[in-house]
Peer 1: 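Structure in structure tokens, see below.
Order of the sequence lines fixes the chain letters, A, B, ..., with proteins taken first and strands second; residue numbering starts at 1 for each chain.
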Amino acid sequence: MAKTYQEINEKIARGEAVVVTAEEVIGIVKERGVQEAAEYVDVVTTATFGPMCSSGAFLNFGHSDPPIRMGEITINGVEAYGGLAAVDTYLGATQPSADRGIEYGGAHVISDLIAGKEVHLVAKSQGTDCYPRKELDTWVKLEDLNEAYLFNPRNVYQNYNAAINGSSKRIYTYMGILQPNMGNITYSTAGELSPLLNDPLLKTIGMGTRIFFGGAQGHVSWMGTQFNSACPRDDKGYPQTPGATLALIGNMKEMDPKYIRGAVYEGYGTSMFVGVGIPIPILNEEIMSFVAVENKDLYTNVIDYSVPKKAKPNLKKVSYAELRSGSVDINGKSIKTSPLSSLKMAREIAEELNNWIKKGEFFLQEPIQSFPMGNTIKGLEIKEGESR
Amino acid sequence: MIAKKILLSFPQKSAGQPMAMELIKTYHLDFNILKAFIDDNIKGTLLIEIKGEEADIEAGIVYLREHQIGVRDIQSVVEVDENKCVSCGACTAVCAVGALEMTVDWSLVHHDDKCLECMLCVKACPMRAIHALI
Ligand code: SF4
Ligand code: SF4
């Protein structure tokens, strides 16, 4: 028997909705079967907490007296974009600071703002008739700003590579430090708890879906960049390589610094740990069978990150159960595996979202538009010549 | 002969020198200053490695405590700040001896007795939650 979003929301309002996490649901389906489980469970919560570089914040500072059209902008020494209107800016998570480099970047400013800390705002301008001020140097807090929202163009990757280093030198990557001669493997996923692996064909996640975003209630605002929904999939539809992504939006003023944290990858750059939880409504049996997926049935590839090319060698297809076991066998050698995203925090987020729904504080939003399934990604061709 | 790392804290900064001479003479201990911390000129902290017979080391530590010097055993010179750690696991990737490990519930655990002080984890931690005492 199929359910609608409205029916589930009514159950949430009455405090009667059955909400479980994507890990808990596995046992329920094994015990009761897909059909009975689909009737019993209303919402399955998924979550992830890991580094997501393609993130940043839109900020509006309000006008000073006399006003300025901010051109060059820095916040705690981190450059923010000056090409919007007078006092609007976009602060990118990976932008390093002038004084501390990657040790303190845009992501750290964002988490400091969310933590309520005062930040140092410096701006310069040419000065115009309507915006005469040429310089500004002040301190602001999140509560002083008019608007402050995260708009992350690419988060929550649906599946991602595992990384290895086939060279004889240690390498420093966004997949962490990789030891020489295939010394270790790193991977970044919440696996069977991961949002887009539980809804592989994006049947319920689309534009407008309400989510847990950094501790606030946010939304999926668009498909994420490099949206590769046409990626190779198994018979059931689970992606075998990096697939779909999501663009997310949410109010920083409602966020919790616990779930948005600045991060540093040695020799690579600044990134941001983002906590995201997505509820999946169990509308029918098909959706229930998707969320019942286990780590042993989810696969990725071990890719050699030492090869400085776009197409890197693929050494082995492995399941997330193998990666989670602590070692993977490659060419007869047992190689240690380590995670990069926090399953512990992802579980906490899935529980938190679960509580919000059970308490009737969070309702499902049906997507106002679905995302295309056949989308591929293009590379960038380098063309010769000074003018064309 | 054994070697041991200890962290000493002095009530007054000046108390360090005679104490050291005493240790060498009376207890036949060798020691090496790994790091001196300066704290407001009021209190000094010193990370030292002492070498000698086990009984002599123990007697030396008793002597230090009698002289109002704080003594803390240091198993490992790297410390994990639990408030900053998110249990991501990135540090476990570089810890060859398994001093940093994930537990069954995917929390980070630090077995400091296993640490070889390679310091790689300090750089590997994206939260900068691991700091080195030296
Ligand atoms: S890398 Fe840092 S944050 Fe991650 S588990 Fe290790 S100590 Fe914790
Ligand atoms: S210093 Fe080296 S051996 Fe010690 S915990 Fe860190 S990585 Fe492991």
Side-chain angles (χ1 to χ4, degrees), chain A residues 23 49-51 53 100 102-104 107-108 111 162-165 170 172-179 183-191 193 257-273 275 323-324 326 335-348, chain B residues 34-40 45 47 74-134:
Chain A
E23 288 183 322
F49 184 72
C53 290
R100 283 174 279 173
I102 64 168
E103 291 293 322
Y104 187 91
H108 298 93
S111 62
I164 197 167
N165 172 11
R170 179 183 296 143
Y172 296 85
T173 73
Y174 64 84
M175 292 298 285
I177 300 178
L178 297 171
Q179 302 283 37
N184 67 319
I185 294 172
T186 59
Y187 60 96
S188 187
T189 185
L193 187 61
K258 195 166 141 189
Y259 302 117
I260 299 286
R261 301 205 198 201
V264 186
Y265 285 94
E266 190 73 21
Y268 173 73
T270 306
S271 185
M272 191 158 88
F273 270 57
L323 288 168
R324 287 264 172 225
I335 301 172
K336 180 173 136 174
T337 56
S338 311
L340 297 174
S341 84
S342 173
L343 184 58
K344 188 185 173 193
M345 289 288 291
R347 284 176 172 161
E348 201 179 309
Chain B
L34 299 174
K35 183 160 183 174
F37 304 82
I38 305 135
D39 182 8
D40 300 326
T45 307
L47 182 70
I74 299 292
Q75 297 281 1
S76 153
V77 293
V78 297
E79 285 187 341
V80 180
D81 181 342
E82 284 178 14
N83 295 319
K84 286 191 184 164
C85 175
V86 295
S87 289
C88 66
C91 56
T92 66
V94 295
C95 187
V97 294
L100 293 161
E101 240 182 10
M102 303 311 281
T103 61
V104 282
D105 70 345
W106 299 95
S107 299
L108 179 74
V109 56
H110 182 202
H111 308 289
D112 50 11
D113 53 324
K114 287 194 194 166
C115 176
L116 289 185
E117 299 171 8
C118 69
M119 303 300 172
L120 264 177
C121 56
V122 176
K123 287 183 171 181
C125 174
M127 295 295 137
R128 295 303 190 230
I130 306 180
H131 68 268
L133 289 173
I134 54 173

Peer 1: Considering only heavy atoms and a distance below 4.5 Å, find which of A:Ala346, A:Gly176, A:Ser188, A:Pro339 pairs most often with chain B.
Peer 2: A:Pro339
Peer 1: Closest heavy-atom contact between B:Ala93 and A:Thr186?
Peer 2: CB-CG2, 3.9 Å
Peer 1: Looking at every heavy atom in both A:Val264 and B:Arg128, which two are closest together, and how far apart are they?
Peer 2: CG1-NH2, 3.4 Å
Peer 1: Between B:Cys91, B:Ala96, B:Ser87, which has the largest tally of heavy atom pairs under 4.5 Å with chain A?
Peer 2: B:Ser87
Peer 1: Is chain B contacted by the side chain of A:Glu348, its backbone, both, or neither, given a heavy-atom distance below 4.5 Å?
Peer 2: neither
Peer 1: Specify the closest pair of heavy atoms between A:Arg347 and B:Trp106, including all atoms of both residues, with the distance to one decimal.
Peer 2: NH1-CD1, 3.8 Å
Peer 1: Any salt bridge linking B:Glu101 with A:Lys336? Criterion: basic side-chain nitrogen under 4.0 Å from a carboxylate oxygen.
Peer 2: no
Peer 1: How about CD on B:Glu117, more than 12 heavy atoms from neighbouring residues, nucleotides or ligands closer than 6.0 Å, or not?
Peer 2: yes
Peer 1: So, for B:Leu120 and A:Ile177, which heavy atoms are closest and what is the spacing to 0.1 Å?
Peer 2: O-CD1, 4.3 Å
Peer 1: Tell me, do A:Lys344 and B:Asp105 make a side-chain contact under 4.5 Å, heavy atoms counted?
Peer 2: no
Peer 1: For B:Val86 and A:Ser342, work out which heavy atoms get closest and say how close.
Peer 2: O-OG, 2.6 Å
Peer 1: Between A:Tyr172 and B:Lys123, which heavy-atom pair has the shortest distance, and what is it?
Peer 2: OH-NZ, 4.4 Å
Peer 1: Take A:Leu340 and B:Cys88, measure what side-chain contact (heavy atoms from CB on, under 4.5 Å) needs, and give me the verdict at the end.
Peer 2: CA-CA 5 Å; A:Leu340 297 174; B:Cys88 66; 5.8 Å; no
Peer 1: Sort A:Tyr187 into side chain, backbone, both or neither according to what part of it lies under 4.5 angstrom from a heavy atom of chain B.
Peer 2: side chain
